[in-house]
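See below for the structure under consideration.
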Number of protein chains: 2
Amino acid sequence: MTIAEVSKKYNLTQDTIRYYEKEGLIPRVPRTESGIRNFDENSCNWIEFIKCMRDAGLEIEVLKEYVRLFWQGKNTVTERKQLLEKQRNKLLEKQKNINETLERLNYKINLYDEIEKGIRKDFTEKP
Amino acid sequence: MTIAEVSKKYNLTQDTIRYYEKEGLIPRVPRTESGIRNFDENSCNWIEFIKCMRDAGLEIEVLKEYVRLFWQGKNTVTERKQLLEKQRNKLLEKQKNINETLERLNYKINLYDEIEKGIRKDFTEKP
DNA sequence: TATTGACTTGGAGCTAACTCTAAGTGATAA
DNA sequence: TTATCACTTAGAGTTAGCTCCAAGTCAATA
């Protein structure tokens with residue numbers, strides 16, 4: 001697979017993919033004889049993994065550390081577990097924030113909706 | 001309320017609060033005769049609102065726009081509703097990403113846990 | 001009265017995560 | 001064989017969102 005195909009498949013720019021490789025977030029992608037990246041399944045799996053983690057907001061540096069431990073093999077299992085647990089806690093916190101904000105947005109959207117429809121005439125809104 | 005108190009109450013740095021005021025995310029805070037910020041309830045409500053939105057990841061520019069519409073009054077209700085709906089969609093998308101990632105983290109944490117405890121000996125892990 | 005310490009301002013500096021540029025290579029179409 | 005086009009590299013530039021700095025003011029304390 002060329003970088004163009006992978007870029008389309010995972011909706012990441014070619015620059016971003018090259019950046020991830022340069023930073024060691026994904027293992028070095030194999031090349032053709034003429035030096036062009038030729039993504040195999042393993043490369044794709046890594047990209048998919050990193051994209052998933054990044055989309056949820058995990059930091060590049062944290063992912064780098066995880067990948068570094070991963071390549072060191074079995075004896076880093078405990079460290080890796082701790083790292084992932086920490087990130088899980090962060091995500092749970094984020095989830096909470098988002099839910100809180102969603103409730104608030106829903107309240108306001110509903111309020112505006114009632115005002116639009118003329119159901120509600122009084123209108124002294126706090127932030 | 002002084003900026004120091006507000007900073008502690010909402011867990012925002014004084015710099016951040018001043019930045020939000022400068023950018024127009026919160027209305028201009030009243031001052032004492034000697035020019036020192038004296039936060040009233042309204043100021044606090046705004047700060048609390050902005051903090052909530054920022055914690056969920058809404059962008060400064062979007063919040064600026066919302067605040068701008070807010071001050072224009074009733075006839076921007078429809079626009080405001082649309083803006084908030086768009087942000088709600090973004091949050092729902094984020095929520096989905098986070099849930100997906102949480103599942104993946106849980107799977108891995110559990111795997112590492114089993115390896116640690118010796119329940120699982122085979123160990124050919126993909127990213 | 002001198003000093004301390006919390007505040008004020010405008011503006012410069014910083015970090016994360018890309019994103020873009022320039023200069024170059026190699027395979028294919030005209 | 002010339003031109004086109006997708007790719008390569010190292011490294012510079014950009015953006016969002018703070019964060020820090022310098023110089024100054026003011027009220028309260030030693």
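Just the heavy atoms: all of them, side chains too, but no hydrogens, waters or symmetry mates, feed the values below. Chain identifiers are assigned alphabetically (A, B, ...) following the order of the sequence lines, protein sequences preceding nucleic acid strands; residue numbering begins at 1 within each chain.
Classification of B:E48 and B:K51 as a salt-bridged pair fails, no side-chain N sitting under 4.0 Å from a carboxylate O. The pair A:R120-A:E125 does not meet the salt-bridge criterion, since no charged nitrogen lies less than 4.0 angstrom from a carboxylate oxygen. A salt bridge links A:E21 to A:R31: at least one charged side-chain nitrogen sits closer than 4.0 Å to a carboxylate oxygen. Salt-bridge check for A:R68 with A:E65: passed, with a basic side-chain N closer than 4.0 Å to an acidic carboxylate O.
For residues 60-81 of chain B, the set of pairs meeting the ring-ring contact (aromatic ring centres under 6.0 Å, His included) definition, not counting sequence neighbours, comprises B:W46-B:F70, B:W46-B:W71, B:F49-B:Y66.
Sorted by residue number, the members of residues 28-51 of chain B with any non-hydrogen atom under 4.0 Å from DNA chain C read B:R31, B:G35, B:I36, B:R37.
Checking B:E5 against B:D15, the closest nucleotide of DNA chain C that is more toward the 5' end is the one next to B:E5.
Between B:T2 and C:dC7, a side-chain N or O to OP1/OP2 separation shorter than 4.0 Å is present. Phosphate proximity of D:dT8 to A:R18: present, with a side-chain N or O under 4.0 Å from OP1 or OP2. Side-chain N/O atoms of A:Y19 include none lying less than 4.0 angstrom from OP1 or OP2 on C:dC20. Proximity of B:T16 to the phosphate of D:dG17: no side-chain N or O atom is located under 4.0 Å from OP1 or OP2.
Regarding A:I26, its CD1 atom lies at a distance of 12 Å from the P atom of C:dC18, rounded to whole Å.
Set against C:dT8, D:dG17, C:dT19, the side chain of B:R54 has D:dG17 as its closest nucleotide. Checking C:dC18, C:dC7, D:dC18 against the side-chain heavy atoms of B:Q14 singles out C:dC7 as nearest.
Applying the 6.0 Å contact sphere to CD of B:E103 captures no more than 12 heavy atoms from other residues, nucleotides or ligands.
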